[in-house]
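Presented below is the structure to which this report refers.
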Amino acid sequence: MTSQLAGTSLRYAAIVALGASGLPVDAQPALLGGHRLDDFIALLVKRQAASRNLGDIALIAWCAAQAGHALLPDAVRRLREFDRRTAPEYVVESAWVVSALAEARARLDVEEQLAHARRRLLGSVVPGSPVFPHVTGPGLVRSYRRHVACFADQVYPVQALARLHRSGDDPAALAAARTTAEQICRLQGPGGQWWWHYDARTGGVIEGYPVYSVHQHAMAPMALLDLTEAGGGDYAEPIRRGLRWLLRPDELGDTGEPMLLDDEGLTVRKVYRGDPRKIVRGLHTVTTRARSGLRLPVIDRVYRPTSLDRECRPYEFGWLYFAWGR
């Protein structure tokens, strides 16, 4: 197997910077193209000024806050200017706004901005549901799939709300984070899989696959560890189950390819069904739109989750360092 570099991403660069911030200073340049962390964040803030993506802008502000960077006021100002207060946003990006401002509040006056971001995130949840949706309001996704939320839509709000509570004593935020964390842990697969798509109306699983390695080794642990540090409970056993899946995924059997490629220093990105045009996800979306929990068992039998995606993206290691470099 050979690896090949391809593409660039401002978002992934910011996530890697967040992860690198917890490493020893002499180890950081190896992850940052030879740059010192301060210089790398300065480059990100410069590019943030031209970005039109709320998630990228929020992540860069979070980086600057995490590092106590001299350009933090510029990064937060750009976030304030770009964040549309009356328009729907993606929940993941809305969560990153909360995380950024919760980190920045010890250094800058961001309370009004943070209060709005908190209301938007908490207010996005369907009343009575234990999970977060994909968007904070109508208009960003087609109506037939508005009820479909993904794993990222759960872990980033859990993390953001836990960090919000730690930064300023917010029991309601902590309670919301615990509700969602307990739900995804309750639904965790028998092999430790963190499932991919959830019904935002009920909290049930719509489609479990793909199972992403980054969910197992980084995203679930970082959110649940942040929640534990905020006083939200002990999630050590679900974290351990998720990590064990990486060593021997049930889906691949005893002779399957490992998910951790030690020689290459990479991970296999995901186990998935190999279905053309994501047909299983589409069918489950349509059936559960009609009736929550409705499934087509024959589809699961035809499209078994035995395929591998060997792509490996930089943010996977950014979040890995961020999760465990504490």
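Any value given below was found using the heavy atoms of this structure, including those in side chains, with hydrogens, waters and symmetry copies removed. Predicted, not measured: the structure shown is a model, and the values here were computed from it.
In terms of modelled atom types and a separation under 3.5 Å, the side chain of Trp324 and the main chain of His217 share a donor-acceptor contact. Between the side chain of Gln216 and the backbone N or O of Gly242, at least one donor-acceptor pair lies under 3.5 Å. Without hydrogens or angle criteria, Ser94 side chain to Leu121 main chain gives no donor-acceptor distance under 3.5 Å. Looking at Gln48, its side chain never comes within 3.5 Å of a backbone N or O of Asp56 through a donor-acceptor pair. Looking only at distances, a side-chain donor or acceptor of Arg78 sits under 3.5 Å from a matching main-chain atom of Ser51. Checking side-chain atoms of Thr267 against main-chain N and O of Leu260 turns up no donor-acceptor pair under 3.5 Å. In this structure, the side chain of Asp83 does not engage the main chain of Arg80 through any donor-acceptor pair within 3.5 Å.
Here the closest heavy-atom approach between residue Arg105 and residue Ser167 is recorded as NH1-OG, 2.8 Å. Nearest heavy-atom pair, Ala65 versus Ala100, reported as atom, atom and distance to 0.1 Å: CB-O, 4.1 Å. The two atoms that bring Ala181 and Leu227 nearest to each other are CB-CD2, 3.4 Å, heavy atoms only. Closest non-hydrogen pair, Val268 versus Pro258, comes out as CG2-O, 3.5 Å. When all heavy atoms of Gly19 and Tyr321 are compared, the closest pair comes out as O-CB, 3.5 Å. The two residues Leu37 and Ala17 make their nearest non-hydrogen contact at CD1-O, 3.9 Å.
No hydrogens or angles considered: nothing links the side chains of Arg11 and Tyr315 as a donor-acceptor pair under 3.5 Å. With no hydrogens or angles considered, no side-chain donor-acceptor pair links Thr136 and Arg120 at under 3.5 Å.
The number of heavy-atom neighbours closer than 6.0 Å to CZ of Arg244, taken from other residues, nucleotides and ligands shown, is above 12.
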(request) Could you go through the side chain to side chain contact (heavy atoms under 4.5 Å, CB included) check for Trp319 and Ile15 one step at a time? (result) CA-CA 7 Å; Trp319 286 140; Ile15 293 171; 3.6 Å; yes
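Among residues two or more places apart in sequence or in another chain, the side-chain contact (heavy atoms from CB on, under 4.5 Å) test is passed with Arg107 by Leu72, Glu103.
Residues in residues 185-195 take part in these side-chain hydrogen bond (donor to acceptor under 3.5 Å, both in side chains) pairs, two or more places apart or across chains: Gln183-Arg186, Gln188-Arg241, Gln193-Glu251.
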